[in-house]
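For ligands, and for the atoms within them, numbers begin at 1 and follow the listed sequence.
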Amino acid sequence: MRQVIRLLSSRGVFLHQIGEIVYRLQKPYLPSLAMEQCINAVETVLAKREVQYAVYTGVALDMLAEQGGLPQPLQDIVAVDEPLYGLDEVLAMGITNIYGSIGITSFGYLDKEKPGVIGDLNKNKGSRVNTFLDDLVAGIAAAASAKLAHNAKDSKSQGDGTFQA
Ligand code: MG
């Protein structure tokens, strides 16, 4: 998991920034939610192998596009973040799907609203390409948020009022 966290930070994305998005998504539904639980949920998502593979794949394509290293026409499509490309969202939905359909709704919302670091990745990028990364971050945040929602439901039915990571 360290490797994927290191890769994300090298691209300007830190765990607490993803945690903040999760907090914003879930706080209205879970009033006692703490930031630490959000960051823990993000870590749980990042511990999954299929999530790590999605991040490695998407970020590699961003980096190759930055270096002009992709074959055409993919190079131009990824470098300009062509809106009709859509495979950046498809890859990220592989992350969102791990906790079921609840994550997909949040993903759609994040993709549209682009809160916090997701929006930052879309502006002032300079020579950076973040075509895949913004969607990957939205996917991770949506999955972590779905995980918290499921935990809350489980602990309610168990009656202990606590979350389990
Ligand atoms: Mg994108």
Minimal heavy-atom distance between A143 and I95, with the atoms involved, is CB-O, 3.8 Å

Exercise. Report yes if some heavy atom in the side chain of Q17 is under 4.5 Å from a heavy atom in the side chain of I21; otherwise report no.
Key: no

L61 side chain reached by V129 side chain, heavy atoms, under 4.5 Å:
no

Distance col, row L87:CG vs F132:CZ, nearest 0.5 angstrom, shows 6.5 Å

Any protein N, O or S atom under 2.8 Å from the Mg ion (ligand 1)? Found D88 OD2, T131 O, D134 OD1, D135 OD2

The reported gap from CG in L91 to OG1 in T131 (rounded to nearest 0.5 angstrom) is 12.5 Å

Rounding to 0.5 Å, atoms OG (S32) and CD (Q37) come to a distance of 6.5 Å

